[in-house]
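This report concerns only the one structure given below.
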Amino acid sequence: MKLTCIGAAHEVTGSCHYLEACGKNILVDCGMEQGPDIYENQSLPIESKDIDYILLTHAHIDHSGLIPLQCKQGFQGEVVTTFATADLCRIMLKDSAHIQEFEAGWRNRKAKRSGGEHFEPLYTMTDAMAAIDCLSPCEYGDRIRLCEGIEIRFQDMGHLLGSSCIEVWITEEEVTKKIVFSGDVGNKNQPIIKDPTKVAEADYVVIESTYGNRLHGEDRPDYVEEFARILRETFAKKGNVVIPSFAVGRTQEILYFIREIKNRGMVPELPDFEVFVDSPLAVEATNVFHKNVKSCFDTEALQLVEAGINPLTFPGLKLSVTTEDSIAINNDRRPKVILSASGMCEAGRIRHHLKHNLWREECTVCFVGYQAAETLGRRLLEGIKEVKLFGEPVMVRARIESLKGISGHADKEGLLDWLSGFQTEVQRVIVVHGEDTVTEEFAQAVEETFGYPTYAPYSGGSLDLRTNEIVREGSMLRKQKEKPAGLKAKAAWERVIRAAGRLLEVATESRGMANKDLAKMETEISNLIQKWEKKGES
């Protein structure tokens with residue numbers, strides 16, 4: 001009965017937790033790292049074919065994006081999640097595979113010209129389809145017997161359509177422990193979806209800390225009023241409002257706000273302004289929102305639907321799917337709104353729209369979500385004056401705006417408020433999914449607020465759930481930027497580090513072995529150290 005944190009440990013993305021219980025190997029999330037990658041992630045200590053289940057909190061790629069890779073490497077188990085998350089994964093995993101294949105094709109074209117090595121995509125569309133075939137959706141609130149000794153339940157967390165925390169009950173040798181994985185905790189009073197559901201009982205809680213040291217602001221802004229102001233001021237200068245927006249979740253919220261702005265006539269100078277959603281993924285995701293109205297929409301959005309009003313559409317909405325559609329947007333000189341992915345400006349069609357609009361002082365780039373450190377989005381918010389897009393320098397003359405507090409993540413107060421729902425004594429809170437120092441800061445806040453013991457693991461950190469003992473602290477090894485010539489040497493070195501980590505884990509778990517076996521282990525390890533110390537000196 002052990003939990004090992006593999007990904008999103010002292011980092012914001014790449015969530016992955018490995019649960020060993022009742023003879024089963026279970027992953028909770030299996031996400032891709034996006035943006036800064038500070039620490040060396042430890043490898044799973046098992047092969048993909050030996051994973052029995054993946055429990056998925058929600059569809060964002062930093063939680064789901066490596067499931068196709070597990071399938072490529074032999075995983076054939078079930079991916080258990082909510083119906084809405086399964087619907088979103090059916091489009092998002094295919095989109096991710098398309099990106100992997102596109103990038104591989106681009107690299108290989110360059111390699112062919114330069115005589116470089118062939119580049120293999122992380123995974124292909126075939127692998128994504130295999131992952132989709134593994135999806136096993138369930139309803140919110142249903143307590144499900146996963147296997148002998150393990151039961152699970154998904155509760156709505158108000159972060160994204162279908163997002164969940166996952167309650168897991170484990171019974172081994174008449175000992176029962178309950179662990180709750182928060183997934184991403186949603187911000188309260190978001191449009192369209194419900195507020196996070198609190199859970200009353202847990203022995204262990206694994207909680208994210210994206211905004212664990214920040215507040216969205218005491219006074220919640222009127223997003224509709226603020227957004228209408230940005231539209232009026234930009235349109236008065238005959239400029240465009242460009243919104244880098246995550247295709248799933250944030251785009252639909254902005255459409256919800258714009259429908260209200262148009263309905264209330266809040267931009268009288270240009271009431272018929274057009275709104276372009278330039279993202280095939282966002283278009284498909286919006287259809288998934290329409291499909292999951294009853295199970296996921298909050299009261300206000302549901303009332304609109306029941307009154308015959310589609311809360312995500314309005315006159316002037318244009319959906320751009322093809323490349324030709326996207327190019328045509330920038331050939332149209334009329335003031336307009338352009339919603340395009342990716343939300344942090346690191347890839348996708350948004351970079352084309354930035355190239356066409358950043359240099360125009362009459363335009364506005366409006367950020368509506370979290371921008372990770374070192375991403376183009378964060379650098380624009382921090383005031384960078386020039387950027388490079390598609391190899392060309394572009395001056396930043398457009399006004400840069402940010403709708404404060406419009407976040408899908410709970411802030412520090414929201415995270416603590418969700419933790420306050422536990423009515424039983426929590427044995428330990430495990431803090432993950434935050435920037436490097438934020439995990440430690442939020443862990444301290446939890447201890448000061450509730451008195452619960454906390455643990456902010458690095459990758460590979462393990463906890464014995466039966467005894468509440470930290471088995472391994474995890475690896476604090478930072479990633480080093482290497483030149484291509486050093487990649488093979490780095491890969492060999494990484495394998496040595498992983499092997500050493502496994503040796504440490506075996507040694508840590510040796511407690512209780514016979515003294516003669518411990519003495520033999522000590523001798524063999526010492527001999528090994530001496531051998532390679534001499535090798536290093538020669």
Side-chain angles (χ1 to χ4, degrees), residues 88 91-92 95 98 161 191-192 223-224 227-291 301 304-305 308-343 345 347-358 360 362-369 398 401 403 406:
L88 289 174
I91 58 175
M92 294 179 73
D95 183 71
H98 171 73
L161 194 83
I192 309 173
Y223 297 131
V224 173
F227 192 40
R229 173 191 64 78
I230 293 171
L231 295 176
R232 288 195 302 270
E233 292 176 358
T234 306
F235 292 161
K237 296 185 291 184
K238 302 193 182 305
N240 298 324
V241 177
V242 180
I243 304 176
S245 183
F246 298 98
V248 182
R250 194 52 39 79
T251 292
Q252 290 74 32
E253 291 175 9
I254 297 301
L255 294 179
Y256 187 90
F257 291 148
I258 294 175
R259 186 207 65 82
E260 185 172 349
I261 287 169
K262 281 181 168 270
N263 187 55
R264 291 165 55 183
M266 298 175 71
V267 187
E269 302 86 354
L270 194 64
D272 298 325
F273 66 90
E274 292 186 324
V275 177
F276 290 86
V277 177
D278 188 23
S279 166
L281 177 60
V283 173
E284 290 188 79
T286 303
N287 292 331
V288 172
F289 271 68
H290 292 149
K291 180 181 176 182
L304 289 173
V305 173
I309 299 170
N310 186 329
L312 302 179
T313 192
F314 44 79
L317 177 62
K318 308 290 184 181
L319 305 179
S320 300
V321 177
T322 67
T323 302
E324 290 74 19
D325 292 338
S326 182
I327 293 171
I329 294 172
N330 289 307
N331 292 332
D332 183 347
R333 308 311 297 174
R334 292 173 296 175
K336 56 191 161 294
V337 176
I338 304 170
L339 277 156
S340 188
S342 70
C345 308
R349 294 182 178 183
I350 187 61
R351 294 174 72 88
H352 291 277
H353 297 300
L354 291 175
K355 179 180 177 181
H356 283 275
N357 290 276
L358 268 178
R360 298 174 59 195
E362 68 270 25
C363 294
T364 300
V365 177
C366 182
F367 288 95
V368 293
E401 291 260 12
L403 287 182
I406 182 167

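Numbering of residues begins at 1 and proceeds along the displayed sequence. Since we're looking at a predicted model, the values are computed, not measured.
- Between P335 and G239, the shortest heavy-atom distance links the atoms CB-O, 3.4 Å.
- Between the CG atom in L270 and the NZ atom in K238 there is a gap of 8.5 Å [rounded to 0.5 Å].
- In this structure, the side chains of C363 and H353 stay at 4.5 Å or more apart for every pair of heavy atoms.
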For I254 and Y223, run side chain to side chain contact (heavy atoms under 4.5 Å, CB included): C-alpha distance rounded to whole Å, both residues' side-chain angles, the deciding distance at 0.1 Å, then the answer. CA-CA 10 Å; I254 297 301; Y223 297 131; over 6 Å; no
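- The side-chain contact (heavy atoms from CB on, under 4.5 Å) check on A285 picks up L88, I91, V248, Q252, with sequence neighbours excluded.
- Proximity of I230 to L403: side-chain heavy atoms (C-beta onward) are separated by under 4.5 Å at one or more points.
- Taking the side chain as every heavy atom from C-beta outward, V224 and R264 approach each other to under 4.5 Å.
- Remark: H356 NE2 is packed, more than 12 non-hydrogen atoms of other residues, nucleotides or ligands lying under 6.0 Å away.
- Going from atom CD of E260 over to atom CE of M266 covers 7.0 Å, rounded to the nearest 0.5 Å.
- At least one side-chain heavy atom of L304 sits less than 4.5 Å from a side-chain heavy atom of Y256.
- Considering only heavy atoms from C-beta on, L255 comes within 4.5 Å of L339 through its side chain.
- Put simply, the residue from V365, N330, T364 that forms a side chain to side chain contact (heavy atoms under 4.5 Å, CB included) with N357 is N330.
- Note that the CD1 atom of I192 and the CG atom of L161 stand 8.5 Å from one another [nearest 0.5 Å].
- How far CD1 of I350 is from OG of S326: 9.5 Å, rounded to the nearest 0.5 Å.
- Enclosure of atom NZ in K237 by more than 12 non-hydrogen atoms of other residues, nucleotides or ligands within 6.0 angstrom is indicated.
- The list of side chain to side chain donor-acceptor pair (under 3.5 Å) pairs with a residue in residues 266-275, not counting sequence neighbours, reads E274-R334.
- Residue L281 holds its CG atom at 11.0 Å from OG of S342, rounded to the nearest 0.5 Å.
- For the pair I243 and F227, the minimum side-chain heavy-atom distance is below 4.5 Å.
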Please evaluate residues D332 and F276 with respect to the criterion side chain to side chain contact (heavy atoms under 4.5 Å, CB included), reporting the C-alpha separation (whole Å), side-chain torsions for both, the decisive distance (0.1 Å), and the verdict. CA-CA 11 Å; D332 183 347; F276 290 86; 4.3 Å; yes
All N/O donor-acceptor pairs, side-chain side in residues 309-320, below 3.5 Å, sequence neighbours left out:
from, atom 1, to, atom 2, distance (Å)
N310, OD1, H290, NE2, 3.3
N310, OD1, L312, N, 3.0
N310, ND2, H290, NE2, 3.4

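- For the residue pair T251 and F246, the shortest heavy atom distance occurs at OG1-O, 2.9 Å.
- Note that the CD1 atom of I329 and the CZ atom of R349 stand 7.5 Å from one another [nearest 0.5 Å].
- For the pair E401/T234, no side-chain contact is recorded, criterion being any heavy-atom separation below 4.5 Å from C-beta on.
- A heavy-atom distance below 4.5 Å is found between the side chains of C345 and L354.
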